[in-house]
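Excluded from the calculations below are hydrogen atoms, water molecules and symmetry mates; all remaining heavy atoms, backbone and side chain alike, are included. Every number for a ligand or one of its atoms is a count from 1 in the order of the listing.
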Amino acid sequence: MPHTRIAIVGAGFAGLGAAIRLRQEGIDDFVVFEKNGDVGGTWWDNSYPGCRCDVPSHLYSFSFALNPEWSETYSPQPEIWAYLRHTAERFGVLPHIRLNTQVSDASWDAAAQQWRLETPDGLHTADVLIGGNGALSEPATPDLPGLDRFQGPAFHSARWDSSQELAGKRVAVIGTGASAIQIVPNIQPDVAQLHVFQRTPPWVPPHSGRPITKAEHIVYRRVPGAQRFVRNFVYWTREMLAYGMTKNPRALKLVRRVATRHMQSQVKDPALRKKITPQYTPGCKRLLPSNDYYPALTKENVEVVTDGIAEIKERSIVTVDGTEREIDVLVMATGFHVTDNPMMEHIRGTDGRSLLEQWRTSGAEAYLGTTVPNFPNLFVLAGPNTGIGHTSLVFMIEAQIDYVLDALRTMRTRQAATVEVRREPFEAYNVDVQARMQKTVWNTGGCASWYLDDQGRNTTLWPDYTWKFRRATRRFDPENYEFGSPVAPVAEPRERVEVGS
Ligand code: NAP
């Protein structure tokens with residue numbers, strides 16, 4: 001059976017970042033399993049029109065691979081994907097990656113002290129498992145009566161079907177989240193009619209994105225430290241938002257004022273304004289900066305529908321007020337399975353129970369978002385309560401990777417075969433996270449969002465400044481872990497996988 005010291009699931013920012021940093025540590029005995037046909041994770045999955053990051057590129061990139069060539073301050077998806085592909089190549093991790101290889105199950109084998117991974121190529125074992133499969137990887141399609149009866153093209157925003165020509169068509173977009181507000185202005189000029197089905201309006205402040213000038217490119221290429229200075233500046237200005245979101249939601253009044261003025265300047269029709277004015281504190285759901293979303297809604301071929309969807313028919317959508325709208329194409333910009341990510345069902349720990357079963361009553365919990373009791377040698381990247389609503393997730397992922405590398409070093413120096421977080425620090429940590437969460441805008445802002453699980457518990461976001469997470473993960477803390485000694489040598493020699501160059 002093929003065996004590596006480490007197996008990584010996913011080749012997005014998290015998995016690639018871990019792979020690169022392992023190589024930098026001189027560790028080559030690892031493999032990365034990626035379900036898609038190429039690297040990039042969410043930046044490979046999402047290719048809908050207008051897809052771009054709403055965090056500035058100087059910050060939304062690896063600290064060890066700044067890119068002086070970003071064309072815009074907020075990069076479009078093809079550029080972010082190309083950056084990830086290029087970075088994977090540059091740091092020599094591509095030979096480690098098995099594409100089109102979905103890990104369908106991962107179980108801890110207590111006797112062998114290994115993870116057993118089921119892949120389409122058969123079983124693979126690894127001493128350590130790093131989960132880089134991401135929170136926003138499983139599209140959620142709405143549970144609408146009659147959806148399967150629809151006769152025209154219907155697809156999720158993260159599975160965009162570019163073979164479908166939208167020009168001249170009647171299109172419905174369900175949802176007004178981060179994906180929808182980018183899709184709507186980008187398809188509006190081409191389609192005959194666009195129905196935007198809105199359940200909850202978003203707060204939409206102005207967008208500050210702009211092309212990066214030639215002069216800036218020259219400076220970034222030639223002046224060491226210039227881009228890092230800008231990155232730090234962006235980081236600290238973004239961190240100011242964390243004060244309002246996590247400490248004092250009243251401070252978000254300014255965001256409300258700016259976003260309201262933005263809407264009033266772009267939307268003149270009072271009836272439309274009324275429909276799209278949110279009734280919750282800004283930041284409770286993700287803020288969605290855009291300069292072209294509201295103008296698109298005011299166009300003659302666009303209708304914002306706020307009546308709930310009662311039923312989908314072969315060629316139409318019927319709303320609860322009985323109105324039937326004929327459509328040709330249905331776009332579901334309806335988000336992802338986050339707190340109910342199906343992968344949780346397929347990772348099994350010491351007692352054979354899955355993460356889903358372990359988390360059924362408590363909700364998703366990990367120590368520092370990374371380690372879980374009963375799941376030895378498992379490190380989850382972008383795990384529970386590591387998401388953020390105001391800055392770059394890459395910052396959080398890199399902090400976790402540093403922590404994992406230090407854990408691996410500690411295992412080596414202690415000659416430990418296993419490492420598992422102790423229950424007391426794990427519980428104390430999660431009590432503290434939830435206590436801090438109570439003050440945040442996500443819990444007090446009066447909205448429902450994908451940040452909360454079905455018990456209303458926020459298991460997704462980090463409830464504080466991100467530098468505090470960085471500080472907490474800077475060094476591995478062995479006192480909070482149990483270490484296991486190696487088992488007796490295995491009788492049969494294991495087949496080693498040739499990876500890496
Ligand atoms: P989302 O934020 O979860 O938005 C989903 C939308 O679909 C919401 O408007 C939701 O309404 C609506 N919806 C869901 N089920 C529905 C139903 N059954 N009937 C009617 N409406 C329904 O998903 P997303 O837009 O794909 O974004 C998810 C996350 O991905 C973002 O929060 C962000 O973290 C990330 N993202 C980032 C970017 C970027 O950087 N620019 C772009 C895209 C995505 P309710 O609000 O009422 O639930």
Where ligand 1 meets Y48 - atom numbers and elements under 4.0 angstrom, heavy-atom basis: 42 (C), 43 (C)

E34 side chain to N36 backbone, donor-acceptor under 3.5 Å: yes

Those atoms of ligand 1 less than 4.0 Å from some heavy atom in G175: 6 (C), 7 (O), 9 (O), 12 (C)

Nearest non-hydrogen protein atom, atom 3 (O) of ligand 1: W450 CD1, 3.3 Å

Side chain to side chain, S57 and Y83, heavy atoms closer than 4.5 Å: no

For I174, the ligand 1 atoms whose distance to one of its heavy atoms is below 4.0 Å: 20 (C), 21 (N)

W203 and V255, any side-chain heavy atoms less than 4.5 Å apart: no

Ligand 1 N/O within reach of R52 N/O, cut-off under 3.5 Å: yes

Heavy-atom proximity to atom 22 (C) of ligand 1, best of R199, H156, Q77: R199

Nearest option to atom 24 (P) of ligand 1, as decided by whichever heavy atom of S449, S179, G387 sits closest: S179

Other residues, nucleotides, ligands: >12 heavy atoms within 6.0 Å of R210 CZ: yes

4.0 Å heavy-atom contact, Y60 with ligand 1: no

Residue Q182 vicinity, atoms of ligand 1 by number, heavy atom under 4.0 Å: 41 (N), 42 (C)

Check ion pair K247-D464 (N to O, under 4.0 angstrom): yes

Min side-chain heavy-atom separation R159-D45 under 4.5 Å: yes

Closest protein heavy atom (residue, atom, distance) for atom 4 (O) of ligand 1: G177 CA, 3.6 Å

Within-shell test, M332 vs ligand 1, heavy atom, strictly < 4.0 Å: no

Atom indices of ligand 1, in the order listed, that fall short of 4.0 Å to a heavy atom of T200: 45 (P), 46 (O), 47 (O)

Minimum side-chain heavy-atom gap E365-P384 below 4.5 Å: no

Nearest protein heavy atom with distance in Å, relative to atom 37 (C) of ligand 1: A178 CB, 4.0 Å

F197 and T334, any side-chain heavy atoms less than 4.5 Å apart: no

Nitrogen or oxygen of W43 less than 3.5 angstrom from that of ligand 1: no

Atoms of ligand 1 close to P142 [distance to a heavy atom under 4.0 angstrom, numbered from 1]: 17 (C), 18 (N)

Step-by-step salt bridge (charged side-chain N to carboxylate O under 4.0 Å, His left out) determination, R149 to E311: CA-CA 10 Å; R149 283 212 312 260; E311 180 186 12; 2.9 Å; yes

Nearest-neighbour protein heavy atom for atom 9 (O) of ligand 1, which is reported as residue plus atom name and distance: T176 N, 2.9 Å

Polar contact flag for A333 and ligand 1 (N/O pairs, less than 3.5 Å): yes

Sidechain-backbone polar pair: Q182 side chain, R52 backbone, donor-acceptor under 3.5 Å: yes

K285: numbered ligand 1 atoms lying under 4.0 Å from its heavy atoms: 45 (P), 46 (O), 48 (O)

Ligand-side contact atoms (ligand 1) for residue partner D54, heavy atom cut-off under 4.0 Å: 39 (C), 40 (O), 41 (N)

Proximity flag Q198 to ligand 1, non-hydrogen atoms under 4.0 Å: no

Ring centre gap for Y60 and Y74 strictly below 6.0 Å: no

Min heavy-atom dist L136 to ligand 1 below 4.0 Å: yes

Name of the residue among Q188, Q193, R170 meeting side-chain hydrogen bond (donor to acceptor under 3.5 Å, both in side chains) with N301: Q188

Over 12 non-hydrogen atoms of neighbours within 6.0 angstrom of NZ in K274: no

Side chain, backbone, both or neither: the part of F197 lying under 4.0 Å from ligand 1 by heavy atom: neither

Verdict with supporting geometry, E303 and K275, salt bridge (charged side-chain N to carboxylate O under 4.0 Å, His left out): CA-CA 11 Å; E303 179 198 19; K275 272 187 187 176; 5.6 Å; no

Criterion ring-ring contact (aromatic ring centres under 6.0 Å, His included) on H156 and F336, from CA distance to verdict: CA-CA 10 Å; H156 190 274; F336 298 86; 5.5 Å; yes

Minimum-distance protein heavy atom relative to atom 34 (O) of ligand 1: R286 NH1, 3.4 Å

Part of Y451 within contact of ligand 1 (heavy atoms, under 4.0 Å): neither

Protein heavy atom at shortest distance from atom 23 (O) of ligand 1: G335 CA, 3.1 Å

